[in-house]
Novice: 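Take a look at the following structure, please.
Predicted model, so just to flag it, every value in this text is computed and none were measured. Counting convention: from 1, in listed order, for ligands and their atoms alike.
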Amino acid sequence: MKKKSDKIGRNSPCPCGSGKKYKHCCMGLAKVMSIEEEYKKRYDITIKTPEQIEGIRECGKLLLSIMDGVEAMIRPGLVTEEINTYVHERTVQAGGIPAPLNYHGFPKSVCVSVNDVICHGIPGDWVLKDGDIVNVDITPILNGYYADANKTFFVGTPTRDGEKIVSVAARSLKMGMEAVRPGATLGDIGYAIQTYAEGQGCSVVREFVGHGVGIDFHEQPQVLHFGKKGQGITLVPGMVFTIEPMVNIGERYLHILEDDWTAVTNDGSLSAQFEQTLVVTRDGYESLTPFEL
Ligand code: MF3
Ligand code: CO
Ligand code: CO
């Protein structure tokens, strides 16, 4: 006969020995958990529904159309503030919101990062000149959904170093994306990027990482652009995250300027970056912000 005292009540101490009440600990694990529940509970990762993925895809289309407009503007003499004005107006016109504006106090609607600026450059009175490289990182919110992507452009005629670092950064993102499929791990992505970029004699920034995205700007998991094969969380269909390697032609070390945002290379060397928002599918991935790399 089953005695009452044998039953684990909601308020009994959890049998796992944590000291917490059962209901605040393992009770939820007693029933079979779905992958969605498990990833939420273990990693705080929100696996997206098909409807949510469609919303992020639509936001991605707006992002890319704005990115194409920016690309067409880039020329020597352009003031980076003009990129901000364009991105802001296009986003609002489409019924969207520029996510960077006021994000943890960021003062503008887009990040514009020139030459040795790694990321989080604040558009302003900088005048682009022939031979510069300029990264433009756009994140609209459309119908509540976020998509996040960036590209590095040449201003006028590229220098040798400019050409090299932009090519290595683009291919680094491509290598990372090609590692994405169910059953692979986050470490596989970082490993693919690091091996390629360092193999080209460049360095990979460690302080900034890719991230879950879609319902919020920065969600779990963190997506490192360096790492070891087989390490970290296993990828499952419906995960949506960015890959956004920042690659330097010199050393990887950086500092943040007085404005508390602008990240620049310590050695003054060029830094380039590309970013896309991806969803893990049943047989690989789909980019929700697709462009040629
Ligand atoms: N778009 C950047 C990223 O890829 C984040 C910019 S945060 C901001 O994650 F506040 F600087 F906009
Ligand atoms: Co991002
Ligand atoms: Co971004």
Novice: Hey, is W261 touching ligand 1 through its side chain, its backbone, both or neither, going by heavy atoms under 4.0 Å?
Specialist: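 Contact part for W261 vs ligand 1: side chain (C-beta onward).
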Novice: The Co ion (ligand 2) is nearest to which N, O or S atom of D148?
Specialist: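 This residue's closest N, O or S atom turns out to be OD2.
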Novice: Using only heavy-atom distances, determine whether the side chains of S12 and K21 contain a donor-acceptor pair under 3.5 Å.
Specialist: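 No, no side-chain donor-acceptor contact under 3.5 Å.
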Novice: Quick one: which ligand 1 atoms are inside 4.0 Å of a heavy atom on P100?
Specialist: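 In order of number, 12 (F).
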Novice: Touching ligand 1 at all, F217? Heavy atoms, strictly under 4.0 Å?
Specialist: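 Distance cut 4.0 Å: F217 passes for ligand 1.
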Novice: Considering only protein heavy atoms, which is closest to atom 2 (C) of ligand 1, and at what distance to one decimal place?
Specialist: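 Heavy-atom neighbour on the protein nearest atom 2 (C) of ligand 1: D137 OD2, 3.3 Å.
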Novice: Of all N/O/S atoms in E244, which lies nearest to the Co ion (ligand 2)?
Specialist: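 Among the N, O or S atoms of E244, the one closest to the Co ion (ligand 2) is OE2.
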Novice: Is any N or O atom of E275, backbone or side chain, closer than 3.5 Å to an N or O atom of ligand 1?
Specialist: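 Yes, since at least one N or O of E275 sits under 3.5 Å from an N or O of ligand 1.
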Novice: Looking at S269 and T265, would you say the former's side chain and the latter's main chain have a donor-acceptor pair under 3.5 Å?
Specialist: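 Not at all, since once roles are kept as given, no pair shorter than 3.5 Å links the two residues.
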Novice: Look at atom 9 (O) of ligand 1 and say which protein heavy atom is nearest, naming residue and atom and giving the distance to 0.1 Å.
Specialist: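 Atom 9 (O) of ligand 1 sits closest to the protein heavy atom H218 NE2, 2.8 Å.
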Novice: Return the residue, atom name and 0.1 Å-rounded distance of the protein heavy atom closest to atom 3 (C) of ligand 1.
Specialist: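 Nearest protein contact, heavy atoms only, for atom 3 (C) of ligand 1 is D148 OD2, 3.3 Å.
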Novice: Would you say H211 has any N or O atom under 3.5 Å from an N or O of ligand 1, going by distance alone?
Specialist: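 Yes: some nitrogen or oxygen of H211 is under 3.5 Å from one in ligand 1.
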Novice: Hydrophobic clusters here meaning ILVMFWY residues chained together by side-chain heavy-atom distances under 4.5 Å, can you tell me if Y103 and I141 are in one?
Specialist: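 Yes; I141 is reachable from Y103 via cluster members.
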Novice: Have a look at the Co ion (ligand 3) and estimate, to 10 degrees, the angle subtended by OE1 (E275) and OD2 (D137).
Specialist: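 Vertex the Co ion (ligand 3), arms to OE1 of E275 and OD2 of D137: 100°.
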Novice: Are the aromatic rings of H225 and Y196 close, with centres under 6.0 Å apart?
Specialist: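 No, too far apart.
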Novice: What protein heavy atom sits nearest atom 7 (S) of ligand 1, and how far off is it?
Specialist: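 Closest protein heavy atom to atom 7 (S) of ligand 1: Y103 CD2, 3.8 Å.
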Novice: Which residue is it: Q220, K40, Q52, E36? I am looking for the one with a side-chain hydrogen bond (donor to acceptor under 3.5 Å, both in side chains) to T46.
Specialist: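 For T46, the side-chain hydrogen bond (donor to acceptor under 3.5 Å, both in side chains) check succeeds only for K40.
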Novice: Salt bridge or not between E275 and K151? Use side-chain N to carboxylate O under 4.0 Å.
Specialist: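 Here E275 does not pair with K151 in a salt bridge, since their nearest N and O are not under 4.0 Å apart.
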Novice: Indicate yes or no: does an N/O atom of H120 lie under 3.5 Å from an N/O atom of ligand 1?
Specialist: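 Such a contact does not occur with ligand 1.
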Novice: When you measure from the side chain of E219 to the backbone of D216, do you find a donor-acceptor pair of N or O atoms at a distance under 3.5 Å?
Specialist: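 Judged by distance alone, yes, a pair lies under 3.5 Å.
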Novice: May I ask whether H104 has any heavy atom positioned less than 4.0 angstrom from an atom of ligand 1?
Specialist: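 No, that is not the case, since the closest heavy atom of the residue is not under 4.0 Å from the ligand.
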Novice: Give a yes/no verdict on a cation-pi contact between R206 and F226, requiring under 6.0 Å between NZ or CZ and the six-membered ring centre and an angle within 45° of the axis.
Specialist: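 Yes, R206 lies over the aromatic ring of F226.
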Novice: Would you mind checking if K41 and E38 are paired as a salt bridge, meaning a charged N to carboxylate O distance below 4.0 Å?
Specialist: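 Result for this pair is no, no salt bridge flagged.
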Novice: May I ask you to decide if P98's main-chain N or O and S109's side chain share a donor-acceptor pair within less than 3.5 Å?
Specialist: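 It does not hold such a pair.
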Novice: Of all the atoms in H211, is at least one N, O or S atom closer to the Co ion (ligand 2) than 2.8 Å?
Specialist: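 So H211 does bind the Co ion (ligand 2) by this criterion.
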Novice: Numbering the atoms of ligand 1 from 1, which are under 4.0 Å from a heavy atom of E244?
Specialist: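 With E244 as reference, the close atoms of ligand 1 come out as 3 (C), 4 (O), 9 (O).
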Novice: Out of all atoms in ligand 1, which are within 4.0 Å of some heavy atom of T139? Include the element for each.
Specialist: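 Per the distance check, 1 (N).
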Novice: Taking 4.0 Å as the limit for heavy-atom contacts, which would you say applies to C111 with ligand 1: side chain only, backbone only, both, or neither?
Specialist: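 The part of C111 near ligand 1 is the side chain, not the backbone.
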Novice: Would a distance-only check, ignoring hydrogens and angles, find a side-chain to backbone donor-acceptor pair under 3.5 Å from D132 to V155?
Specialist: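 No, the answer is negative, given that no donor and acceptor are paired below the 3.5 Å cut-off.
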